[in-house]
**Q** 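Provided herewith is a single structure, encoded as C-alpha cells, for subsequent inquiry.
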Amino acid sequence: MSKETTDTANSELPKTNFIHQEIDKDLQQGKNNGKVLTRFPPEPNGYLHIGHAKSICLNFGLGEYYKGGTNLRFDDTNPTKEDTEYVNSIMEDVSWLGFTWTNEPVYTSDYFQQLYDWAVLLILADKAYVDDQTAEQIAAQKGTPTTAGQHSPFRNRTVAENLDLFERMRKGEFKNGEHVLRAKIDMASPNMHMRDPLMYRIIHAHHHRTGNDWCIYPMYDFAHGQSDFYEGITHSICTLEFEVHRPLYEWFLNQILEADPKLKELPKTRQIEFARLNLNYTVMSKRRLLELVNSKIVTGWNDPRMPTISGLRRRGYTPESIRMFADKVGVARRENIIDVSLLEHCVREDLNKKAPRVYAVLNPVKVVITNFAEGEVEWMEAENNPEDDTMGTRTIPFTREIFIERDDFMEGAPSKFFRMDVGREVRLKNAYIVKCESITKDANGEITEIQCTYDANTKSGMEGSNRKVKGTLHWVSVNYSKQITVNLYDRLFKDEDPAGHKDVDFKEFLNPDSLNTINTCWIEPNFMEAGAKFNDGILRFQFQRLGYFCLDMDSKPDSPIFNRTVPLKDSWGKNA
RNA sequence: UGUCUCGUGGUGUAAUGGUAGCACAGCUGGUUUUGGUCCAGCUAGUCAGGGUUCGAAUCCUCGCGAGACAACCA
C-alpha cells in the first residue's frame with residue numbers, strides 16, 4: 001500500500017482496508033478541507049451486538065485515526081419501536097468499548113422540523129405528493145424488481161393541494177395510514193427505492209423524545225442522508241444493504257440543494273458500504289435476538305450466551321478483546337462468516353496477560369494425604385500471574401484433605417494421560433508431589449476418596465521438587481475453600497448458521513446444553529487477593545487449568561457466581 | 001426474465017500489472033510446576049474458459065456461483 005500519509009492521518013497506526021484507501025484518496029484531493037467526521041447511527045430499538053461492535057470500531061476508529069471525530073446519532077424516526085432503555089444501553093455499550101463521541105449524542109428527532117421544512121420545499125418544487133391509497137395499493141403499484149411499477153392516481157395533484165394536505169397531516173387531521181407523502185421520481189426505475197418512495201407517514205404515537213409534538217414521522221430514507229449532511233458527516237460508513245439507497249439519498253439532497261442553493265457550500269457526505277459481520281453458531285439480527293429475549297429462551301439481552309455487547313460483557317469479555325477482534329476480522333465488501341474461535345482467541349490472548357490465576361475445582365473428588373498431619377495447614381506461595389511478575393504472589397492453604405478435579409483421576413489410565421492413577425506420582429501445583437496409593441469406591445463403583453502420600457522434600461521451590469512427574473494438578477483445601485456456583489456456557493446453537501435454513505425456524509437449532517450451572521464448586525479462600533480488578537470494574541480470573549471466569553453481577557458476597565468466559569485451549573480434552 | 005455488489009487455503013483478510021503474505025482453525029515437535037502461555041515447523045488458496053501482456057489474483061470478455069433490492073422498518 002501507499003506509504004504516504006495525509007497531514008491529518010495518524011501514521012503510527014497503519015491501516016490497509018479499502019475504506020482507509022478511499023478516505024486517503026479524498027484527503028489527497030483536498031476534499032472537506034482535510035476533515036473527516038464519521039457517525040455511528042443506531043436505531044434505539046434493541047441492544048447492540050458484536051456486529052455493531054465491528055461498525056463502532058470502524059467508525060470511531062476512523063474518527064480517531066484521522067483526528068476528526070464521530071457522532072453518536074440515534075436514528076429515532078419510528079416511535080412505535082424505540083425506547084430510552086435502548087438509548088441508555090447503547091451509550092453504555094459504546095462507552096464500555098472505550099469510545100467517545102463528539103459533543104453530545106444527537107438524534108434524528110432533533111431534525112424533525114428541518115426535515116419537515118425540506119419536505120415542504122420538495123412539495124413546492126412539485127417533487128413530492130400526498131397519496132391517499134392504502135399500503136397494499138401502493139405496494140401493488142410498485143411493481144417488482146423485473147417489472148415496472150404504475151403511477152398512483154394521486155401523482156398529479158396540484159402543488160397547492162399537496163401543500164394543504166401535508167400541513168393537515170402534520171396538524172393531526174387524519175388517522176394513521178390515511179395519507180402519506182411520496183417523492184415523485186420514477187416508477188419504472190430498476191432501483192426499487194426510486195419508485196416514488198414514501199417520505200412521511202402518519203403515526204399517532206408518543207415519541208421517546210419529542211413526545212406528542214409530531215404525528216407524522218419521516219421515513220429512514222428521507223432522514224438518514226440529510227441528517228448526515230446536516231451534521232457535516234464527511235464519510236458515512238454503512239453496511240452493504242444500503243448501497244441501493246445511496247442514489248435516493250443523493251436525489252433527495254440534490255432536490256434540497258436546488259431549492260436552497262446556499263446549502264451548496266456544505267460538504268456532501270460520501271457513503272461507503274462494507275460487508276456486515278456474521279458469526280457462526282449464533283444469530284445476529286435484532287429481530288431474532290428480541291425473539292430469544294421475549295420467549296425467555298435466554299434471561300435477557302445481556303444473557304452471557306447472547307452475541308450482544310452486554311451479553312459478552314457479562315460473559316467476561318474485555319473491551320480490548322472485542323476491539324482486537326474487530327481489528328482482526330478486517331473490512332471488505334464480500335459476505336463473510338467469522339469463526340467464533342477467532343473471538344475466543346482474542347479474549348484468551350487478552351486475559352492470558354491480565355487475568356490473575358486462582359485455584360478452583362469444579363467437579364471435586366476428595367483426596368486424603370495420609371501422611372500429612374491432621375489439622376495442620378501449610379500456606380503455600382503462588383504467583384498471581386506467570387505472564388506478569390508485577391501482579392505478585394499470594395498464599396494458599398495446603399491441608400490433609402483436598403479436592404482435585406474428578407477428571408484428573410483415571411483408573412488404569414493410558415500412558416498419554418498425564419494425571420493421577422493408582423501408583424502414579426503427580427505434582428500438586430505450588431505444593432508437593434504426591435503418590436496415589438489407593439482409592440475408595442461406593443456401591444455404584446463411583447470413587448468417593450483417593451488416598452495419597454506426599455513427599456516432604458518436594459515442596460515447590462525445594463530442590464527435590466525438580467523431579468519429573470506425570471503431570472501437574474490444581475487443587476483446593478477441603479476445609480479452607482469456599483463453595484461457589486459456576487455457569488458453564490456453550491454455544492447457543494448447534495448449527496453453524498441457524499438462521500440460514502429456509503424451511504426451519506432458527507430456534508430448532510438451539511443447543512440444549514448451552515448453559516450448565518453447577519453448585520459443587522470450590523475456590524481457594526483468598527482469591528480476591530490475586531488482584532482481579534479490571535478497568536471496567538468486572539472481576540476476571542483464570543481458574544488454573546480450566547479457563548477464564550468472571551464474577552457475575554448477580555453474585556452476593558456469601559454466594560459468589562462465576563461465569564465461564566471461555567475454557568483454556570486443551571489438546572487433551574478433544575482427543576478424549 | 002431486471003438492476004447492483006461480490007468470488008484468494010477450512011474461516012477471515014493482504015498483495016491494486018512483477019516472489020500469493022498474515023491471522024484464526026488444524027497437525028508436528030521443543031520449552032513448561034497450567035495438556036495453558038511461549039518457540040519452531042507442517043498442511044492448505046487466486047471460481048472456470050478465452051483474451052491483452054515479457055509477465056495477470058489484479059486489466060478485458062464470456063460463463064458459473066453467492067448476496068442485496070419489491071416494509072406506512074432502520
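Just so we're clear, the structure is a prediction, and the values are computed from it rather than from any experiment. Lettering of chains follows the sequences in order, A, B, ..., and the numbering in each one begins at 1.
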**Q** With sequence neighbours left out, which residue pairs that include part of residues 189-198 of chain A fulfil the salt bridge (charged side-chain N to carboxylate O under 4.0 Å, His left out) condition?
**A** A:R155-A:D196
**Q** State which residues pass salt bridge (charged side-chain N to carboxylate O under 4.0 Å, His left out) with A:D132; sequence neighbours excluded, sorted by chain then number.
**A**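 Testing A:D132 for salt bridge (charged side-chain N to carboxylate O under 4.0 Å, His left out), a comparison that skips the adjacent residues, returns A:R157.
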**Q** Nearest-Å distance, CE (A:M324) to C1' (B:U13)?
**A**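 Distance check: A:M324 CE to B:U13 C1' gives 17 Å.
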**Q** Could you give the distance separating B:U43 and B:G36 at their P atoms, to the nearest angstrom?
**A**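 Here B:G36 and B:U43 have their P atoms 23 Å from each other.
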**Q** Starting at NZ of A:K429 and ending at C1' of B:U37, how long is that distance when rounded to a whole Å?
**A** 11 Å
**Q** Can you tell me how far P in B:C59 sits from the matching atom in B:U1, rounded to whole Å?
**A** 28 Å
**Q** Quick one: label A:D339 by what it contacts on the DNA or RNA (base, sugar-phosphate, nothing), any heavy atom closer than 4.0 Å.
**A** sugar-phosphate
**Q** From the options B:U8, B:G35, B:G36, select the nucleotide whose nearest atom is closest to the side chain of A:T472.
**A** B:G35
**Q** In whole angstroms, how far is the C1' atom of B:A14 from the CG atom of A:N336?
**A**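 One finds 15 Å between C1' of B:A14 and CG of A:N336, rounded.
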**Q** Among residues 354-363 of chain A, which residues get a heavy atom nearer than 4.0 Å to RNA chain B?
**A** A:R357
**Q** Between B:G36, B:C6, B:G2, spot the one nearest the side chain of A:S571, thanks.
**A**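 My answer, after comparing the listed nucleotides, is B:G36.
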**Q** Does B:A15 have OP1 or OP2 sitting under 4.0 Å from an N or O in the side chain of A:Q21?
**A**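 Result: yes.
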**Q** Please report the distance, rounded to the nearest Å, between CG in A:L342 and P in B:G26.
**A** 12 Å
**Q** So, is A:R348 close to the B:U37 phosphate, meaning a side-chain N or O under 4.0 Å from OP1 or OP2?
**A**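 No.
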**Q** Taking the P atom in each of B:G49 and B:G12, what is the distance between them to the nearest angstrom?
**A** 23 Å
**Q** Is A:T16 near enough to B:U13 that one of its side-chain N or O atoms lies under 4.0 angstrom from OP1 or OP2?
**A**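 So the side-chain polar atoms of A:T16 never come under 4.0 Å of the phosphate oxygens OP1 or OP2 of B:U13.
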**Q** Calculate the interatomic distance between A:L343 atom CG and B:U11 atom C1'; express it in whole Å.
**A** 13 Å
**Q** With rounding to the nearest 0.5 Å, note down the distance linking CG in A:N59 to OG in A:S236.
**A** 8.0 Å
**Q** For the residue pair A:N45 and A:E43, confirm or rule out a side-chain donor-acceptor distance under 3.5 Å.
**A**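 The answer is yes; a qualifying pair exists.
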**Q** Who pairs with A:R276 by salt bridge (charged side-chain N to carboxylate O under 4.0 Å, His left out), at least two apart in sequence or on another chain?
**A**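 Here the qualifying residues are A:E241.
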**Q** What I want to check is whether an N or O donor and acceptor connect the side chain of A:Q542 with the base of B:U34 at under 3.5 Å.
**A**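 For A:Q542, whose side chain was compared with the base of B:U34, there is a donor-acceptor pair (under 3.5 Å).
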**Q** Could you state the CG-C1' distance from A:N17 to B:A15, rounded to the nearest angstrom?
**A**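 Atom-to-atom, A:N17 to B:A15, this comes out as 15 Å.
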**Q** Starting from P on B:A25, measure out to OH on A:Y281 and report it in whole angstrom.
**A** 15 Å
**Q** Using the P atom as the reference point in each nucleotide, state the distance between B:G10 and B:C47 in Å, no decimals.
**A**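 The same atom, P, in both gives a distance of 12 Å.
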**Q** Rounding to the closest angstrom, what is the interatomic distance between B:G51 and B:C42 at atom P?
**A** 36 Å
**Q** I'd like to check the salt bridge (charged side-chain N to carboxylate O under 4.0 Å, His left out) partners of A:E425; sequence neighbours left out, ordered by chain and number.
**A**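 With neighbours one apart ignored, the set is A:R467.
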**Q** Quick one: side chain to side chain donor-acceptor pair (under 3.5 Å) partners of A:D495, sequence neighbours excluded?
**A** A:H501
**Q** Using Watson-Crick and G-U wobble pairs with both distances under 3.5 Å, what is the 5'-to-3' dot-bracket string of RNA chain B, with [ ] for crossing pairs and | for pairs outside the strand?
**A** .((((((..((((....[..)))).(((((.......)))))....(.(((..]....))).))))))).....
**Q** First locate atom CZ of A:R357, then atom CG of A:D388, and finally report the distance between them rounded to the nearest 0.5 Å.
**A**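 CG of A:D388 is found 9.5 Å from CZ of A:R357.
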**Q** Can a side chain N or O of A:K468 be found less than 4.0 Å away from OP1 or OP2 on B:U33?
**A** no
**Q** Compute the ring centroids of A:Y359 and A:F543, then answer whether they are less than 6.0 Å apart.
**A**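 Between A:F543 and A:Y359, which both carry aromatic rings, the centre distance is not below 6.0 Å.
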**Q** List in chain and number order the residues that pass side chain to side chain donor-acceptor pair (under 3.5 Å) with A:D26, two or more places apart in sequence or in another chain; answer none if no residue qualifies.
**A** A:K31, A:R270
**Q** List in chain and number order the residues that pass salt bridge (charged side-chain N to carboxylate O under 4.0 Å, His left out) with A:R246, two or more places apart in sequence or in another chain; answer none if no residue qualifies.
**A** A:E243, A:E273
**Q** Check this one for me: any side-chain N or O of A:R333 less than 4.0 Å away from OP1 or OP2 of B:C6?
**A** yes
**Q** Which value, in whole Å, describes the distance between the P atoms of nucleotides B:A66 and B:C27?
**A** 32 Å
**Q** I want to verify a distance call: between B:G36, B:G2, B:G35, whose nearest atom is closest to the A:D570 side chain?
**A** B:G35
**Q** B:U34 P sits how many Å from A:R419 CZ, rounded?
**A**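 These atoms are roughly 13 Å apart.
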**Q** I want to confirm an ordering. Mapping A:A332 and A:N430 to their closest nucleotides on RNA chain B, which one lands closer to the 5' end?
**A** A:A332
**Q** By the 4.0 Å heavy-atom rule, please label A:S460 as base, sugar-phosphate, or nothing.
**A** base
**Q** Reading nucleotides 67-74 of chain B 5' to 3', which nucleotides get B (base under 4.0 Å from a protein heavy atom), which S (sugar-phosphate only), which -?
**A** SSSB-BSB
**Q** Are A:Y200 and A:H179 an aromatic pair by the rule of ring centers under 6.0 Å?
**A** no
**Q** Residues two or more places apart in sequence or in another chain: which of them pass ring-ring contact (aromatic ring centres under 6.0 Å, His included) with A:Y47?
**A** A:Y86, A:W301
**Q** Quick one: do the A:T393 and A:E381 side chains pair a donor with an acceptor below 3.5 Å?
**A**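 The answer is yes; a qualifying pair exists.
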**Q** How far does the P atom of B:A25 sit from the matching atom of B:C39, given to the nearest Å?
**A** 13 Å
**Q** Looking across every strand, which nucleic acid part, if any, lies under 4.0 Å from A:G500 by heavy atom: base, sugar-phosphate, or nothing?
**A** nothing
**Q** Identify whether any heavy atom of A:F543 sits under 4.0 Å from a base atom; if not, whether one sits that close to sugar-phosphate; answer base, sugar-phosphate or nothing.
**A**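 A:F543: no heavy atom of the nucleic acid under 4.0 Å.
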**Q** Using the ring-ring contact (aromatic ring centres under 6.0 Å, His included) criterion, which residues pair with A:F403? Sequence neighbours excluded.
**A** A:W522
**Q** What's A:I337 touching, base or sugar-phosphate or nothing? Going by heavy atoms closer than 4.0 Å.
**A**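 If one applies the 4.0 Å heavy-atom cut-off, A:I337 turns out to touch the sugar-phosphate alone, with no base involved.
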**Q** What's A:V331 touching, base or sugar-phosphate or nothing? Going by heavy atoms closer than 4.0 Å.
**A**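 Sugar-phosphate contact only.
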**Q** Suppose you measure atom C1' in B:U31 against the same atom in B:A48; what distance do you get, rounded to whole Å?
**A** 48 Å
